[in-house]
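Chain identifiers are assigned alphabetically (A, B, ...) following the order of the sequence lines, protein sequences preceding nucleic acid strands; residue numbering begins at 1 within each chain.
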Amino acid sequence: MKFIHYLEQTAGVDILGLASLLIFFMFFVVMIVWVVRTDKKKIEEISKIPLDNTEQ
Amino acid sequence: MQVEKFYYDNKIVKAFGYATVIFVVVGMLAGLWAAIQIYAPAASLNLPPTTFGRIRPLHTNAIIFAFVGNCIFTGVYYSLQRLCKARMYSDKLSWIHFWGWQLIIAAAAVSLLMGYTTGKEYAELEWPIDIAITLVWVVFGINMFGTILKRREKHLYVAIWFYIATWVTVAMLHIVNSFEIPVTFMKSYSWYAGVQDALVQWWYGHNAVAFFLTTPILGLMYYFLPKAANRPVYSYRLSIIHFWSLIFIYIWAGPHHLLYTALPDWAQSLGTVFSLMLIFPSWGGMLNGLFTLRGVWDKVREDPVLKFMVVAITCYGMATLEGPLLSLKNVSAIAHYTDWIVAHVHIGGLGWNGFMAFAIMYYLVPRMWGTTLYSKKLATNHFWMGTIGIILYAVPLYWAGFTQSLMWKTFTPEGQLKFQFLESVTNIIPMYITRSVGGALYLTGALLMCYNLAKTIASGRFIANEEAEAATRLHPAKQGREYWHRWIERRPVALLVVSLIVVVIGGVVEMIPTFLVKSNVPTISSVKPYTPLELQGRDIYVREGCYTCHSQMIRPFRDEVARYGEYSKAGEFVYDHPFQWGSKRTGPDLARVGGKYPDSWHYNHMDDPTSMSPGSIMPAYPWLLDHNLDTSTTPAKIRAMQKLGVPYPEGYDRLANKELTAQAEAIAGRLKKDKVETPPHKEIIALIAYLQRIGTDIRLEQQPGDRTVMQ
């Protein structure tokens with residue numbers, strides 16, 4: 001019951017594993033790059049949205 | 001800049017809030033009742049609807065979908081309007097959503113108590129209700145997106161992302177797991193069988209925890225915690241990382257519910273790896289919540305809302321540390337099937353979901369009624385009763401879990417199992433009693449809250465439409481360089497699509513190979529479809545919720561093989577629509593119960609379990625001895641199974657009842673030899689037929705000859 005047994009029957013399957021790893025890795029890299037580089041003032045402004053209400 | 005005046009709809013928030021408070025009491029009463037039945041089986045009243053196997057699904061469904069569901073909607077309808085600076089898109093849709101959801105809950109309560117169930121945990125509701133859930137969920141989605149699209153606030157605050165991801169993922173999970181073929185008006189069979197059904201079910205089950213009990217509540221945390229503390233969240237950057245990594249990783253973790261089962265090994269490992277990774281986003285979220293309170297801890301001492309939130313977030317952290325640890329195979333080997341898991345779940349349920357819900361209620365009611373909380377002191381008492389309740393609930397069950405596991409796995413020096421299964425049960429009854437005391441204390445606290453809120457409501461005046469002002473949103477022209485995320489952030493539909501892609505990836509990678517498994521599972525030639533009588537008996541097994549206490553999955557451990565027999569193989573379950581592997585052993589595993597006892601043992605045992613095993617805590621099922629088996633459904637059931645690929649011969653549906661009667665008469669004959677007189681058309685006969693069949697097929701593997709089910 002090894003993974004490889006199911007996958008052997010699929011054509012060009014090795015690309016899937018590589019692609020998943022790449023997608024996974026890229027996703028986090030891009031996210032972290034964005035989070036680090038984004039404008040501090042903008043972030044502060046967004047984080048205050050819940051407090052912005054007139055009521056309270 | 002043009003300023004618009006508009007009104008927030010508080011009425012719908014009030015309606016969902018009332019429903020939340022009602023169902024917290026109903027759901028916990030059902031839970032308490034179930035908990036008491038474990039040590040006092042007579043509390044089942046010997047009636048079908050009030051027996052553990054039906055009360056337990058009622059409890060779990062009521063807590064998840066009625067209590068937490070209504071709490072989510074309360075919080076979402078309140079916060080979404082304010083975060084978008086807009087009234088809900090359509091009042092009419094709001095009310096269709098509200099009444100639709102309550103009708104579903106009512107239908108669920110009635111049908112579960114009547115024994116209509118799919119037999120898949122937390123997805124027990126039958127197909128007409130499944131369709132209704134889909135429709136109401138779509139109404140909620142339209143209403144939510146309508147509001148988001150007409151918002152006056154440029155940015156989508158992180159709470160809204162959590163709501164969107166919740167909506168899209170729950171929709172996907174519900175639809176994929178609910179593929180079932182209707183047999184009659186309230187009966188269906190799961191589209192998937194055995195291993196596949198198990199994988200889909202726990203992909204669903206785990207992510208129901210993730211996307212119904214966690215992400216929406218995190219969204220609520222990101223709104224209500226800053227509100228209550230009156231300061232922005234500690235790190236908005238962290239909340240972004242929290243969001244994306246949580247939804248990306250969570251979806252993969254389902255197989256950790258199936259470690260050491262017949263699920264292919266690679267899928268188990270995948271589940272473990274991703275579960276371990278989950279620690280990081282979860283703790284990121286917890287720390288983000290707790291650090292938000294930096295510098296205002298003095299407020300925590302004063303404000304019951306913050307008190308509840310602090311414990312809720314702490315419990316979130318505890319449960320999300322424990323979860324990944326439980327996903328390690330060696331820890332799972334000890335904890336799985338024991339009460340440890342029940343304790344773990346209730347740290348999340350009582351601590352995280354319950355306390356967040358209470359905090360939100362204490363926050364909302366005074367504000368929506370334009371008054372102050374009737375009694376802070378009562379709320380503080382509620383807080384302490386709840387907290388002590390959680391401890392009294394969880395600690396004994398942790399103890400019980402370890403005890404069970406140790407007793408199950410202990411051998412004598414001679415190499416024999418040291419303890420009977422029953423000894424492991426009777427040994428922990430004091431723990432079961434203490435946990436129900438903890439639950440009762442927690443429930444009493446909730447009742448205090450009801451009183452406190454009612455008094456608060458009486459002292460204020462409800463503000464049905466709350467006035468607000470905001471600048472009209474200008475559609476900004478492209479302003480030069482834009483980061484991709486801000487692009488997404490301003491476009492809710494893009495956010496929806498990206499979230500969906502992110503959650504689909506994990507599901508696809510796990511599912512596709514498992515669907516290939518069908519042709520790759522080592523088939524066992526001696527495993528044959530159930531006979532019509534066994535099929536009917538199996539449906540009774542599902543109806544009475546036997547899977548809530550009995551597993552049908554022997555793991556490949558020395559003690560389990562010694563206790564129950566040959567470990568379970570994937571090929572044995574190919575005709576099991578739905579699978580019945582179970583998740584808890586309050587009673588022993590039944591995967592090899594077939595042929596273990598004579599028919600008369602089962603007959604007497606169902607009538608009064610203590611007559612066969614003194615000290616047993618199993619409820620009695622006397623009605624099975626009296627009720628006639630409904631054979632009118634047999635042909636439809638056979639045809640449904642044929643559609644699902646079970647190889648009954650062509651036209652077998654017409655012969656099925658004849659063979660059913662013959663087999664029933666044979667069993668009645670054997671019972672008679674043991675001095676048990678019963679007509680062959682009683683339900684107990686079908687159940688005995690099924691129980692005697694479970695796990696016996698592979699014994700025939702070595703024997704030559706072609707045994708078919710139709711003989």
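For Val158(B), no part lies under 4.5 angstrom from a heavy atom of chain A. Interface remark: Leu238(B) contributes no atoms to any contact with chain A (heavy atom separation under 4.5 Å). Interface remark: Ile505(B) contributes side-chain atoms only to the contact with chain A (heavy atom separation under 4.5 Å). Using a 4.5 Å cut-off between heavy atoms, Glu44(A) makes no contact with chain B at all.
A 4.5 Å side-chain heavy-atom check between Val30(A) and Trp244(B) finds every atom pair outside the cut-off.
The two residues Met31(A) and Ile240(B) have their closest heavy-atom pair at SD-O, 4.2 Å. Taking every heavy atom of both residues into account, Val35(A) and Arg237(B) meet most closely at O-NE, 2.6 Å. The two residues Ser47(A) and Val233(B) have their closest heavy-atom pair at CB-CG1, 4.4 Å. The two residues Lys227(B) and Pro50(A) have their closest heavy-atom pair at NZ-O, 3.0 Å.
Counted within 6.0 Å of CZ on Phe6(B), heavy atoms from surrounding residues, nucleotides or ligands total more than 12; the atom is thus considered enclosed. Heavy atoms of other residues, nucleotides or ligands lying less than 6.0 angstrom from CZ of Arg461(B) number 12 at most. The neighbour count for Phe274(B) CZ, taken as heavy atoms of other residues, nucleotides or ligands under 6.0 Å away, is above 12.
In this structure, CD on Glu153(B) lies 4.0 Å from CD1 on Ile49(A), to the nearest 0.5 angstrom. A distance of 10.5 Å separates CD of Glu45(A) from OH of Tyr236(B), quoted to the nearest 0.5 Å. A distance of 10.0 Å separates CG of Leu51(A) from CZ of Arg231(B), quoted to the nearest 0.5 Å.
Aromatic ring orientation, Phe28(A) versus Phe248(B): perpendicular (interplanar angle above 60°, classes split at 30° and 60°).
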